[in-house]
*Asks:* 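One structure, pasted below without further comment.
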Amino acid sequence: MSSYKQQDIKKITTHQLQEMKNRGEKISMLTAYDFSMAKIIDGAGMDVILVGDSASNVMAGNETTLPITLDQMIYHATSVVKAVKRALVVVDIPFGHYQGSSGEALRSAIRIMKESGAHSVKLEGGSEIKDSVLRILSAGVPVMGHLGLTPQSIYKFGTYTVRAKEEAEANKLIEDALLLQECGCFALVLEKIPAELAKKVSSQLQIPVIGIGAGPDVDGQVLVMQDMLGINKEFKPRFLRRYADLHGIITHAVQKYIRDIKARDFPNQDEKY
Ligand code: KIV
């Protein structure tokens with residue numbers, strides 16, 4: 001019987017993601033924010049784990065992603081990195097920590113990389129953050145782009161509806177995608193845009209394009225873990241497929257636990273010292 005060895009696990013790199021796109025293999029990506037869930041997700045074989053600033057919503061209970069701080073993102077990322085043996089870990093730079101100047105962006109990226117041990121960072125936006133992207137890349141930190149619905153700009157958009165339906169916005173998105181590739185981003189997330197536009201971007205770009213609500217013709221898919229596992233029941237966009245009903249399973253288990261305590265059934269003879 002062969003024993004499990006650390007060196008048996010092949011770590012996913014940005015280079016491997018590029019090879020996956022080149023050979024037409026779809027890339028899997030899911031968010032995680034804590035050690036225990038990251039361990040399960042990594043062990044299941046996920047290619048990329050995103051420590052998303054969606055932690056602001058699903059972990060901290062905020063309405064938007066704007067309030068989460070850099071320290072809080074580093075806390076989540078540090079817990080995730082400790083659990084991960086195989087996946088590439090990408091961490092969102094939160095709102096207000098890269099828009100001010102490229103120097104601020106670099107300092108934020110370096111803090112994330114140094115303090116959490118993550119492998120790359122993600123920033124929202126196109127031409128307006130070009131200098132920040134270039135500065136971070138110049139320090140040797142891999143950058144993932146994010147275009148389309150960019151939740152950090154929710155107060156500019158006013159709604160979480162599909163982006164880039166109009167020609168002008170679609171053209172700007174294509175220009176920004178090409179720019180981010182030219183800058184040296186290793187991959188790009190496209191959120192909530194028409195499937196045809198996402199297909200066009202993915203076929204024009206050499207780097208992997210990961211979609212969320214961007215249809216099937218991109219190089220990979222990403223979802224928020226609480227949504228796809230059915231922990232968060234209220235959020236029901238059309239693009240979301242639920243793979244479990246953890247809300248139901250957890251509620252059932254917790255109610256059974258409460259009943260057992262009340263009925264003096266827990267702990268029993270075998271469960272005491
Ligand atoms: O923060 C996040 O979870 C994200 C995904 C929705 C792509 O950016």
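For ligands, and for the atoms within them, numbers begin at 1 and follow the listed sequence.
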*Asks:* So for Met29, does at least one of its heavy atoms come nearer than 4.0 angstrom to any atom of ligand 1?
*Replies:* no
*Asks:* Show the atoms of ligand 1 that are less than 4.0 angstrom away from any heavy atom in Gly52.
*Replies:* 1 (O), 2 (C), 3 (O)
*Asks:* Hydrogens and angles aside, do Asn22 and Gln18 bring a side-chain donor and acceptor to less than 3.5 Å of each other?
*Replies:* yes
*Asks:* Distance alone, cut at 3.5 Å: any donor-acceptor contact between the side chains of Lys172 and Ser127?
*Replies:* yes
*Asks:* By number and element, which atoms of ligand 1 are closer than 4.0 Å to a non-hydrogen atom of His146?
*Replies:* 8 (O)
*Asks:* Say whether Glu124 and ligand 1 are in contact under the criterion: heavy-atom distance to a ligand atom below 4.0 Å.
*Replies:* no
*Asks:* Can you find an N or O of Asp92 that's nearer than 3.5 Å to an N or O of ligand 1?
*Replies:* yes
*Asks:* Establish, from distance only, whether the side-chain atoms of Asp34 and Ser79 form a donor-acceptor pair under 3.5 Å.
*Replies:* no
*Asks:* Which residue supplies the protein heavy atom nearest to atom 8 (O) of ligand 1, what is that atom called, and how far is it?
*Replies:* Lys122 NZ, 2.8 Å
*Asks:* Which residue is it: Thr78, Ile93, Val121, Asp92? I am looking for the one with a side-chain contact (heavy atoms from CB on, under 4.5 Å) to Met73.
*Replies:* Asp92
*Asks:* Specify the protein heavy atom at minimum distance from atom 2 (C) of ligand 1: its residue, its atom name, and the distance to 0.1 Å.
*Replies:* Ser54 OG, 3.2 Å
*Asks:* Which ligand 1 atoms are under 4.0 Å away from a heavy-atom of Asp53?
*Replies:* 1 (O)
*Asks:* Given 3.5 Å as the limit, does a donor-acceptor pair link the side chain of Lys21 with the main chain of Ser202, or not?
*Replies:* yes
*Asks:* Donor-acceptor check, side chain of Ser108 to backbone of His97, threshold 3.5 angstrom: yes or no?
*Replies:* yes
*Asks:* Taking heavy atoms and a distance under 4.0 Å, where does Thr65 meet ligand 1: side chain, backbone, both or neither?
*Replies:* neither
*Asks:* Give the residue, atom name and distance (to 0.1 Å) of the protein heavy atom nearest atom 4 (C) of ligand 1.
*Replies:* Leu50 CD2, 3.5 Å
*Asks:* So, does Arg86 use its side chain to make a donor-acceptor pair with the main chain of Ile12 at under 3.5 Å?
*Replies:* no
